[in-house]
2 protein chains.
Amino acid sequence: MTEEGARRAPLNRDRVLRAAVELADEVGLAGVSMRRLAQQLGVVPMALYKHVADKDALLDGMVDAVIGEFDPPDPALDWQDGVRQRVLSARRAVLRHPWARQAIESRTRRTPAVLAYMDSVTGTFRAGGFSVDLTHHVMHALGNRIWGFSPELFDEPRDPGAPPLPPEAQQAMAAEFAERYPHVLEIALAATQGDLSGVGRGCDEDFEFAFALDLLLDGAGRLHRRGWSSRAASAPPAV
Amino acid sequence: MTEEGARRAPLNRDRVLRAAVELADEVGLAGVSMRRLAQQLGVVPMALYKHVADKDALLDGMVDAVIGEFDPPDPALDWQDGVRQRVLSARRAVLRHPWARQAIESRTRRTPAVLAYMDSVTGTFRAGGFSVDLTHHVMHALGNRIWGFSPELFDEPRDPGAPPLPPEAQQAMAAEFAERYPHVLEIALAATQGDLSGVGRGCDEDFEFAFALDLLLDGAGRLHRRGWSSRAASAPPAV
DNA sequence: GACAGCAGGTGTACGGCGTACACCTCGATC
DNA sequence: GATCGAGGTGTACGCCGTACACCTGCTGTC
């Protein structure tokens, strides 16, 4: 026990951010408060404000930390595999930090790290011969997917604490569902091989993500090869 | 002045939700608190809890109200135009309520209104002959886009209160940008016809939205015509 | 060695938030 | 006329972010 001898190493922005990431990993984004983070660091809440401007800046920094975990681009790949690998690497990082998705969605400032990542992905398309025009629209079309996530659609986040429903209640729910939402039920049944007890767990998110990503990248490639330009397309991109 | 004679009409869930929507339209989602909403309704905060379970339920109800503004499906259209119109109608509703995007993203419960809308869109694909399998994956690929929005990508929400930068500062920023983020700059220049003073205003969000939507729908149609099935596709959907 | 300056940490306080809980009020029902 | 329940009230608690004044101890300068 160093007791009092070696007093706590002085804080700095980096240690604050790392502690915030760690805290969020443990207790979720909602559990991260300036007060709680300060406590974790053995410091009074106001001490944090010497290192981050305010809570918003803290969140920005946390997102930057996640971006810092993305793999660097691999220059040996062509544009399609290049973007694919980059985005899937982003996905891995975001999945390591369950709060990251929500944090990224809530951010409204573009930090240098954010811009650098977007610039890098954009550059991959350009290096692949894409026009500025097409690159621009394709980046928009990818949207949040460049951060490695897409919204949960059917996944019910049924909290793990809830007790499993008794079979007859499941039956009743299924009946109600079948009447009101036949098409959603159909999909749920197909995705879970008929076992509705775990609806939501049935969707293979990784598959869905790659499916959508490749749908977009393939479509983009098709437009590129065809010499598509937004000037010629007041109509939607024709089939 | 009715003074005391005609006392305030009694609250009900609907009036509470409508007032919440109105309040959010005026002051944004962050400005909506139980206390402020109560004040708006001339009532004490705790009175609201007789009509909504808690703030989360209030948000759910507000989202449901927006969904209630979506146009009904038009059975005369084929699947592609059907989905297209439906989603664009959702977009119009969401754009009428600037807070709706954020509210929808934050929701985690699937209310009956949410399920009903998803069921309806799903049903349009099915009626168009799509397999359950393909419909499932395409719904995932659409993701948040079925709510009529995609994430802002390049749009800096530069708050309107900020004074316009002096020209030389703009120059300096552009120079810094050009060095660090050449590809993003390139796009910004193209999108704004060289007038960087309004970066962000340059993107035609409606065009971007339709572009991405049609890219996805066209891709989906191609897979459908080809009889695509996820069983046959352990590999990504081939070009 | 004295001292100014300053980066980093502290303590207190304010105004906001969501909401638990006990209570009151008043019109409908028997 | 008593009862009851739906709707509204009042008070209180424990959180939150952060403004502001203050203290502490190291650094460089003379």
Side-chain angles (χ1 to χ4, degrees), chain A residues 2-24 26-63 99 102-103 106-109 159 161, chain B residues 2-24 26-63 99 102-103 106-109 159 161:
Chain A
T2 50
E3 291 262 318
E4 278 288 333
R7 39 201 336 127
R8 205 200 47 256
L11 248 42
N12 58 47
R13 187 178 153 86
D14 229 62
R15 284 200 348 112
V16 169
L17 292 182
R18 276 210 309 276
V21 165
E22 211 172 307
L23 182 58
E26 280 167 26
V27 302
L29 199 58
V32 176
S33 70
M34 298 302 275
R35 297 170 121 99
R36 184 147 178 192
L37 176 57
Q39 192 180 15
Q40 203 83 0
L41 286 164
V43 116
V44 96
M46 286 311 292
L48 302 179
Y49 288 84
K50 293 284 202 262
H51 306 283
V52 294
D54 55 17
K55 189 167 181 187
D56 239 46
L58 178 75
L59 273 301
D60 282 341
M62 290 169 68
V63 168
W99 47 270
Q102 190 187 341
S106 77
R107 292 306 74 202
T108 179
R109 275 194 58 229
D159 53 340
Chain B
T2 49
E3 292 264 316
E4 278 289 333
R7 39 201 336 127
R8 204 200 49 256
L11 248 44
N12 58 46
R13 187 178 153 86
D14 229 62
R15 283 197 352 109
V16 169
L17 292 183
R18 278 210 308 275
V21 166
E22 210 172 308
L23 182 59
E26 281 167 25
V27 302
L29 199 58
V32 176
S33 71
M34 298 301 275
R35 297 170 122 100
R36 183 148 180 193
L37 177 56
Q39 192 180 13
Q40 202 84 358
L41 286 164
V43 115
V44 97
M46 287 310 292
L48 300 178
Y49 287 84
K50 293 284 201 262
H51 305 283
V52 294
D54 55 16
K55 188 167 181 187
D56 239 45
L58 179 75
L59 272 303
D60 282 341
M62 291 169 67
V63 168
W99 48 270
Q102 189 186 343
S106 77
R107 292 305 74 202
T108 179
R109 275 194 58 227
D159 54 339

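Order of the sequence lines sets the chain letters (A, B, ...), proteins ahead of strands, with each chain counted from 1.
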Find the distance B:L41:CG to D:dG8:C1' and express it as a whole number of Å. 13 Å
Verify side chain to side chain contact (heavy atoms under 4.5 Å, CB included) between A:L37 and A:L58, making sure each step is shown before the conclusion. CA-CA 11 Å; A:L37 176 57; A:L58 178 75; 3.9 Å; yes
Please produce a list of atom pairs where a protein N or O lies less than 3.5 Å from an N or O of nucleotides 14-18 of chain D.
residue: D:dC16; atom: OP1; partner: A:S33; partner atom: OG; Å: 2.8
residue: D:dG17; atom: OP1; partner: A:M34; partner atom: N; Å: 3.4
residue: D:dG17; atom: OP1; partner: A:K55; partner atom: NZ; Å: 2.9
residue: D:dG17; atom: OP2; partner: A:M34; partner atom: N; Å: 2.9
residue: D:dG17; atom: N7; partner: A:R35; partner atom: NH1; Å: 2.3
residue: D:dG17; atom: O6; partner: A:R35; partner atom: NH1; Å: 3.0
residue: D:dG17; atom: O6; partner: A:R35; partner atom: NH2; Å: 3.4
residue: D:dT18; atom: OP2; partner: A:Y49; partner atom: OH; Å: 2.8
residue: D:dT18; atom: OP2; partner: A:K55; partner atom: N; Å: 3.0
residue: D:dT18; atom: O5'; partner: A:Y49; partner atom: OH; Å: 3.4

To the nearest angstrom, how far is A:L48 atom CG from C:dT10 atom C1'? 12 Å
To the nearest Å, how far apart are A:K50 NZ and D:dA21 P? 12 Å
Table please: side-chain donor-acceptor pairs of residues 49-56 of chain A below 3.5 Å, with sequence neighbours left out.
residue: A:D54; atom: OD1; partner: A:D56; partner atom: N; Å: 3.3
residue: A:D54; atom: OD1; partner: A:A57; partner atom: N; Å: 3.0
residue: A:K55; atom: NZ; partner: A:V32; partner atom: O; Å: 2.8

Across all chains, not counting sequence neighbours, the side chain to side chain contact (heavy atoms under 4.5 Å, CB included) partners of A:S33 are A:R35, A:R36
side-chain N/O A:H51 vs C:dA7 OP1/OP2, d < 4.0 Å: no
Under the side chain to side chain contact (heavy atoms under 4.5 Å, CB included) test, residues paired with B:E22 that sit two or more places apart: B:E26
Which atoms form the tightest heavy-atom contact between A:A103 and A:S106, and what is the distance? O-OG, 2.9 Å
For the atom pair CG (B:L29) and CG (B:L23), what is the distance rounded to the nearest 0.5 Å? 10.0 Å
Roughly how bent is the helix from C:dG1-D:dC30 to C:dC30-D:dG1 end to end, in steps of 10 degrees, with each end axis from five pairs? 10°
Shortest non-hydrogen pair, A:A38 vs A:P45, comes out as CB-CA, 3.4 Å
Rounded to whole Å, CD of A:Q39 lies from C1' of C:dG9 at a distance of 17 Å
Sequence neighbours excluded, the answer for side chain to side chain contact (heavy atoms under 4.5 Å, CB included) partners of A:R18 is A:D14, A:R15
